[in-house]
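Let me begin by presenting the structure, written as structure tokens, before commenting on it.
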Amino acid sequence: MQSTGGNAGHDDGERRGLGNPAQGRRAAPRALGGIVHTYQRYDPKDFPSPTAPPPDLASMGMEHMMRYGSMRRFTPEELANAVKLDISQIAGMGPALESLIAMLEERKRKILETYEVKSAVRDSERRVRAAAKEITPPKAMREAFERAVKEEQIAELEDLWYSSGGEKSPIGDALLGVMHRIGEKYQVEELDAKYAFTGNESTDTRKALELKEELEAIDKLLEQLREALKNAKPAIIDMDELSRFAQEQDVQQLRDFAKQIEEYLNQIAEDQGLEKDADGYRLTPKAYRVFQGKLLQEIFSSLEAARSGRHEGPVSMDGAVELASTKPFEFGDSLANLDAPQSFVNALLRERGVERGRDIQARESNVGSPTGAPIANVVAGDSSTSAAAGEPARVKMRMLPVDMEIHRTRNNPKCATAVLLDMSGSMRNDGQYLNCQRMALALDGLIRREYPGDFLSFVEMYTLAKVRRSSEIIELMPKPVTIRNSVVRLKADMSDPKISEMQLPPHFTNIQHALRLARQMLSGQDTPNKQVILLTDGLPTAHFEGSELFMLYPPDPRTEQATLREAMACKRDGITINIFLLPNWSQTSEDVAFARTIAEQTGGRVFFTAGNDVDRYVLWDYVSHRRKIIG
């Protein structure tokens, strides 16, 4: 704590004088300045706003579930360890921790400056020799015993103890005593090597061991306090151990801080969809939506400055959604999109202009009229009558094509998408499966928020393929590799009731089966915009021929041809296949060529991505291309 300003005693005297009415003198104007107390690095002007965003607990929980595929509860300790808090948000905690750190460092400094432990090292050596002299081992063990004592080998002495009969041996207890003395010597030598003692007060073995225990406890507490100072986690501090060195009120203050933070985290967890029960915290659908929102915010963060509202698509004149902007009517435009109010205004302005022109002509023809008769009102569409006195004139208006304004429109057709997620064994490399899961969750969140009329389905792809609900995405995990042979040629008749999925090696990649499931789902959708988003890292290694399942590694042309046939079936049903090829250490030019072949034959696209960017590529592509027929 720093102090700046004038003399403290003088200032206090002034305040006492000003506050005493008996002084009887007029108080002098108080000078600016005085005593200003500031905690270093905790200036109140730098405190964060109370409206600062809270820690993101939902994302932490979802990331954990995606990485480990586990739905188990989170303990309060795991939740606290995952949260990074700013200690400046908790008033008084920073200075309290720093004062405790300073106190412990001062205690440690005094110990090191008071004692020296070389004398304790010599004392421990003497105690080992004295304990060894009390033993008279049998002749057969004498040489081994003397060598073990000289080299201070506890393991060899333990072998001798077992060889001599253990507890029943007459020298068993004495051998244990020697091992104990050698162990103490090890600890004293460790103390001497670990800490730089500069004092003069000599120590023996017992005192040195007491100092070692105290210094190690101080080091452990300092580590805990510094971690708490960095991440605002007082719960990690051993309060019972700290009470040995600190005053009770300081320890109680830290306990209060820990309770305050625990209540704060409980409130944030509840707000973000984490429910607490007897077993810990569990994720709810609200947490799922919060995580999706975080993903979308991160993905579209670079677009925020350039967009407002929803993304706009191409403008056309035969769409179903009217825009606020208009255009003059052209032959062929539909009158269903007529901007009637603006069209009537245009007609009135035009008719008023015609009427005003007639008034001017009438005035010019009646200049100098001796009677001074008023000029009759010219009524559009009927010049033979005039308005009755005191009655508003009735204007007859005729709308012409030049008056009409037509709303611009845009197409916003429904889009049907099937996302095929590769969960074969190779997707575990570099955590590629996590990028696929993030993409799937973000795409699901985008469609639910922005395009609720769209159809979206997910297919898990491995040796077989399964349709998955969006709620199951976070549980998907790459399949374990169960066969490590360099060449695999397997066939299974899946029509045989004796063969089940559990008997199959799960780590192969069956793109053909996944495309078939996607085609079955998309064919029934009433929209011309049907697409498959295929996320994979290489060639297919499994396919069906009738009811027979083939699992072939290295990738076989037979599997590639079966997969291409299914891709062409998708094309015949109007389904485009877009492939996002993820990087893999074993990827070759054959993987790239196969992906390109599928995309070319189905009118789709191939994206070569770094795994961390796959969510952005997929979502931007979806937003950009969903409003027109893809191909």
Side-chain angles (χ1 to χ4, degrees), residues 1-5 8 35-44 46 81 84-88 90-127 181-258 261:
M1 187 166 66
Q2 295 177 335
S3 298
T4 60
I35 305 300
V36 180
H37 299 284
T38 303
Y39 287 113
Q40 292 183 351
R41 297 189 296 136
Y42 297 99
D43 197 317
D46 293 328
N81 289 335
K84 304 297 182 184
L85 295 177
D86 184 357
I87 195 170
S88 61
I90 305 167
M93 183 175 175
L97 291 174
E98 286 190 333
S99 65
L100 288 172
I101 291 173
M103 180 271 296
L104 291 175
E105 288 178 339
E106 177 64 16
R107 186 181 183 109
K108 179 179 178 180
R109 184 186 64 80
K110 287 182 178 180
I111 292 174
L112 296 178
E113 291 180 353
T114 301
Y115 298 98
E116 59 86 19
V117 293
K118 297 296 183 183
S119 56
V121 173
R122 294 189 296 270
D123 180 63
S124 64
E125 293 174 349
R126 182 187 58 77
R127 289 161 66 91
R181 295 291 181 261
I182 294 176
E184 290 179 339
K185 182 176 181 293
Y186 284 169
Q187 295 186 63
V188 173
E189 290 175 342
E190 180 188 0
L191 174 66
D192 184 34
K194 186 176 181 180
Y195 299 98
F197 286 88
T198 60
N200 298 319
E201 186 174 332
S202 61
T203 56
D204 57 12
T205 301
R206 182 186 61 79
K207 182 63 176 179
L209 293 178
E210 291 177 358
L211 293 176
K212 182 176 183 293
E213 188 273 335
E214 183 174 357
L215 289 171
E216 288 178 346
I218 291 175
D219 285 344
K220 184 177 180 181
L221 286 171
L222 285 173
E223 182 181 357
Q224 295 172 352
L225 289 168
R226 290 184 180 118
E227 179 67 20
L229 184 64
K230 182 168 60 177
N231 297 321
K233 297 177 182 177
I236 67 175
I237 302 172
D238 188 344
M239 300 296 180
D240 293 335
E241 188 71 23
L242 182 62
S243 62
R244 291 176 48 194
F245 307 101
Q247 297 181 5
E248 181 58 33
Q249 59 265 33
D250 295 332
V251 177
Q252 184 58 43
Q253 185 182 24
L254 286 186
R255 289 194 176 100
D256 294 339
F257 284 137
I261 292 175

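Model, not experiment: these values are computed from the prediction.
Salt-bridge annotation for Lys220 and Glu241: absent, with no side-chain N of the basic residue lying under 4.0 Å from a carboxylate O of the acidic one. A salt bridge between Arg206 and Glu210 is present, with a side-chain N of the basic residue lying under 4.0 Å from a carboxylate O of the acidic one. Salt bridge status for Arg255 with Asp240: present, with a side-chain N to carboxylate O gap under 4.0 Å.
Under the 4.5 Å side-chain criterion, counting only non-hydrogen atoms from C-beta, Glu106 is in contact with Lys110. Residues Leu254 and Leu100 meet the side-chain proximity criterion, which asks for heavy atoms closer than 4.5 Å. Side-chain contact check for Leu211 versus Lys207: some heavy-atom pair is nearer than 4.5 Å.
Contact between Glu116 and Ser202 at its shortest, heavy atoms only, is OE2-CA, 3.2 Å. Ile218 approaches Leu104 most closely through the heavy-atom pair CG2-O, 3.8 Å. Taking each heavy atom of Ile101 and Leu222 in turn, the nearest pair found is O-CD2, 3.7 Å.
Note that the CD atom of Glu190 and the CG atom of Leu209 stand 10.5 Å from one another [nearest 0.5 Å]. In this structure, the separation between CD on Glu216 and CG on Leu221 is 12.0 Å, given to the nearest 0.5 Å. How far CD1 of Ile237 is from CZ of Arg226: 12.0 Å, rounded to the nearest 0.5 Å. Taking CG of Asp250 as the start and CE of Met239 as the end, the distance is 11.0 Å to the nearest 0.5 Å.
More than 12 heavy-atom neighbours from other residues, nucleotides or ligands sit within 6.0 angstrom of NZ on Lys194. More than 12 heavy atoms of other residues, nucleotides or ligands shown are found within 6.0 angstrom of CD on Glu213.
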Exercise for the section: Any chance you could lay out the side chain to side chain contact (heavy atoms under 4.5 Å, CB included) test for Glu189 and Asp192, step after step, and finish with the verdict? Expected result: CA-CA 5 Å; Glu189 290 175 342; Asp192 184 34; 5.6 Å; no
